[in-house]
Amino acid sequence: MHELLTRPDIKQFIREHEKDDVAELMLNRSRYPELPMTEIAGQIKSRRKAKDKLPEWYANENVIFPPHHRLQQSSSELTARYKASFYTGDRFLDLTGGTGIDSYYLLEKFQSGVIVEPDPEMAALLRHNLKVLGIRHAEVLEMTAENYLQNHSDTFDLIYLDPSRRDEDHNRVFLLEDCSPDVIILQQELIKRSEQVLIKASPMLDHHLAAEQLNHTEQITILSVEGEVKELLYHLRRGFTSEFTILCKDIGTDLIKSLEFKGTEEDAASVEYRMPGEFLYDPMRTIRKAGAFKLIGEKYDLQKLEVNTHLYTSDIHVAGFPGRTFKIIEVLKIDRKLLRKAAGRKQVNLATRNYATDVSKLRKKLGVTDGGTLFAFAAQTLDGYRLILCKKV
């Protein structure tokens with residue numbers, strides 16, 4: 001079906017109607033009997049998603065985008081470029097081609113590549129897009145990862161997998177053993193074929209559990225974009241048996257922040273506890289997911305508000321903290337009148353840490369809406385639950 005979308009008249013129609021209401025276009029589809037409106041509507045939805053997520057592909061008018069739901073799991077251009085920055089070599093194998101975003105950027109670092117994709121329509125789309133994007137040194141094969149490994153004995157400098165996180169009923173899954181292909185079963189064969197294997201996993205996955213399931217894990221990258229955790233990346237290296245490193249990385253902003261550590265460093269770290277001082281520090285989400293709760297305090301000479309409250313404080317401003325930094329205005333009991341008196345307005349950006357009530361209910365209780373320059377953290381401290389009113393540094 002994608003061949004139809006290469007027609008000049010259809011490409012022009014998509015460009016002219018890209019900002020139109022898709023539902024309304026479909027209601028009026030009888031006005032365009034000569035056009036495949038279902039496919040056109042799908043392209044319009046996908047192009048809107050790709051405009052920010054895949055700007056290089058979006059700028060190429062010959063690219064045909066996969067269905068919108070396929071773009072949901074796919075990497076963004078930003079995260080794909082980041083992954084590609086780790087590797088270079090001669091031969092590359094992608095066992096889960098999918099949309100081909102990661103393949104495309106990784107192939108720029110390799111002399112040749114093989115991409116495996118079992119869905120014939122997706123494989124055809126992948127061939128088309130790689131061609132119009134100038135990739136001539138990759139072969140796309142229609143088969144499963146398991147079939148490829150059973151029927152080919154080639155070796156590679158890197159094998160990449162992004163297992164499908166949908167089960168047979170199209171429900172979302174995230175455990176490695178529930179994804180397809182099952183990389184736990186395939187791992188020994190993968191490491192035979194390549195010294196390096198890169199596996200992309202769901203950000204919902206317990207990274208410690210997966211590390212126990214995957215042998216030869218050299219590094220786990222917890223990757224976020226502008227503060228939102230997007231990907232877990234497992235870097236496997238043949239023969240590696242030492243303790244793996246955890247890299248917490250945030251990209252997409254001018255100030256690129258990171259923290260790299262090993263689990264034994266967190267175990268050995270210590271942190272002091274105290275009530276809020278002059279400044280408040282909120283670690284980036286990758287650090288919270290990684291569980292570096294003592295290490296981050298020790299590394300930046302900060303004190304923690306409470307054992308299970310992952311906020312930190314100091315009396316002197318500490319520059320370069322991997323997260324958000326605030327100047328504390330006042331520490332209050334969690335009370336509507338006290339907050340209104342201290343804030344002097346109804347707009348306060350509210351957040352909770354180690355606090356039972358969710359933000360929406362607390363927002364209603366306190367009578368505030370998000371917005372403005374003030375922030376307030378409802379959190380458990382050494383002196384009970386408090387509302388910490390502050391401004392971003």
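Only heavy atoms go into these numbers, but all of them, side chains included; no hydrogens, no water, no symmetry mates.
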Please check if the number of heavy atoms outside [X] that lie under 6.0 Å from its [atom1] is greater than 12.
X: Leu27; atom1: CG; value: yes
X: Gln188; atom1: CD; value: yes
X: Lys294; atom1: NZ; value: yes
X: Asp301; atom1: CG; value: no
X: Met26; atom1: CE; value: yes

[X]/[Y] ion pair, N-O < 4.0 Å:
X: Glu306; Y: Arg386; answer: no
X: Glu56; Y: Arg81; answer: yes
X: Glu18; Y: Lys51; answer: no
X: Lys83; Y: Asp162; answer: no
X: Lys337; Y: Asp335; answer: no

Rounded distance [0.5 Å steps], [atom1] in [X] versus [atom2] in [Y]:
X: Lys304; Y: Thr313; atom1: NZ; atom2: OG1; result: 13.0 Å
X: Thr155; Y: Arg193; atom1: OG1; atom2: CZ; result: 8.5 Å
X: Met275; Y: Thr381; atom1: CE; atom2: OG1; result: 3.5 Å
X: Leu366; Y: Ile334; atom1: CG; atom2: CD1; result: 7.5 Å
X: Ile14; Y: Asp20; atom1: CD1; atom2: CG; result: 12.0 Å
X: Ile287; Y: Lys289; atom1: CD1; atom2: NZ; result: 14.0 Å

Apply side-chain contact (heavy atoms from CB on, under 4.5 Å) to residues Ile159 and Leu95 and explain how you reach the verdict. CA-CA 7 Å; Ile159 297 177; Leu95 284 171; 3.8 Å; yes
Can you find a pair of side-chain heavy atoms, one from [X] and one from [Y], that are under 4.5 Å apart?
X: Lys341; Y: Glu330; value: no
X: Leu106; Y: Leu158; value: yes
X: Tyr148; Y: Asp154; value: yes
X: Glu39; Y: Leu4; value: no
X: Tyr87; Y: Tyr160; value: no
X: Val368; Y: Arg363; value: yes
X: Lys45; Y: Phe65; value: no
X: Glu226; Y: Leu78; value: no

Does Ile328 sit in a hydrophobic cluster with other residues, and if so which ones, taking ILVMFWY side chains as linked at heavy-atom separations under 4.5 Å, directly or through other members?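 Same cluster as Ile328: Leu280, Leu305, Leu311, Phe326, Val331, Phe375, Phe377, Ile388.
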For [X] and [Y], does a side-chain donor sit closer than 3.5 Å to a side-chain acceptor?
X: Ser360; Y: Asp358; value: yes
X: Lys230; Y: Ser76; value: no
X: Ser224; Y: Asp250; value: yes
X: Thr357; Y: Lys365; value: no
X: Thr38; Y: Arg29; value: yes
X: Thr221; Y: Gln219; value: yes
X: Gln150; Y: Glu146; value: no
X: Gln213; Y: Tyr234; value: no

Minimum-distance pair of heavy atoms, taken over all atoms of [X] and [Y]:
X: Glu243; Y: Phe240; answer: O-CZ, 3.8 Å
X: Thr144; Y: Asn147; answer: OG1-N, 3.0 Å
X: Gly372; Y: Asn349; answer: O-ND2, 3.1 Å
X: Arg15; Y: Glu61; answer: NH1-OE1, 3.3 Å

When clusters are formed by joining ILVMFWY residues with side-chain heavy atoms under 4.5 Å apart, either directly or through shared neighbours, do [X] and [Y] land in the same one?
X: Val318; Y: Val393; answer: yes
X: Phe293; Y: Tyr355; answer: no
X: Leu362; Y: Leu338; answer: no
X: Val271; Y: Ile246; answer: no

Hey, mind stepping through Met37 and Phe13 against side-chain contact (heavy atoms from CB on, under 4.5 Å) and telling me if it holds? CA-CA 10 Å; Met37 290 305 296; Phe13 184 91; 4.0 Å; yes
Could you give me the CA-CA distance, side-chain angles and deciding distance for Asp9 and Glu34, then say whether side-chain contact (heavy atoms from CB on, under 4.5 Å) is met? CA-CA 11 Å; Asp9 61 321; Glu34 73 287 1; 5.5 Å; no
Could you check whether any side-chain N or O of [X] sits under 3.5 Å from a backbone N or O of [Y], counting only pairs where one atom can act as donor and the other as acceptor?
X: Glu265; Y: Lys262; result: yes
X: Arg353; Y: Asp282; result: no
X: Asp90; Y: Ser112; result: no

Using 30° and 60° as the class limits, which term best fits the ring planes of Tyr312 and Phe321: parallel, tilted or perpendicular?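 Geometry flag for Phe321 against Tyr312: tilted rings.
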Aromatic plane relationship, Phe244 with His208 - under 30° parallel, 30 to 60° tilted, over 60° perpendicular: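 Answer is tilted, since the angle falls between 30° and 60°.
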For side-chain contact (heavy atoms from CB on, under 4.5 Å), just list the numbers for Glu231 and Tyr82, CA-CA rounded to whole Å, side-chain angles, deciding distance to a tenth of an Å, and then say yes or no. CA-CA 11 Å; Glu231 300 178 4; Tyr82 176 76; over 6 Å; no
Is NZ or CZ of Arg47 both nearer than 6.0 Å to the six-membered ring centre of Tyr58 and within 45° of the ring axis?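 Judged by the rule (NZ or CZ under 6.0 Å from the ring centre, within 45° of its axis), Arg47 counts as positioned above Tyr58.
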Lys/Arg cation over aromatic Phe279: Lys327, 6.0 Å, 45° cone: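 Yes, a cation-pi geometry holds between Lys327 and Phe279.
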Worked check of salt bridge (charged side-chain N to carboxylate O under 4.0 Å, His left out) between Glu142 and Arg127: CA-CA 11 Å; Glu142 291 175 24; Arg127 290 189 191 99; 3.4 Å; yes
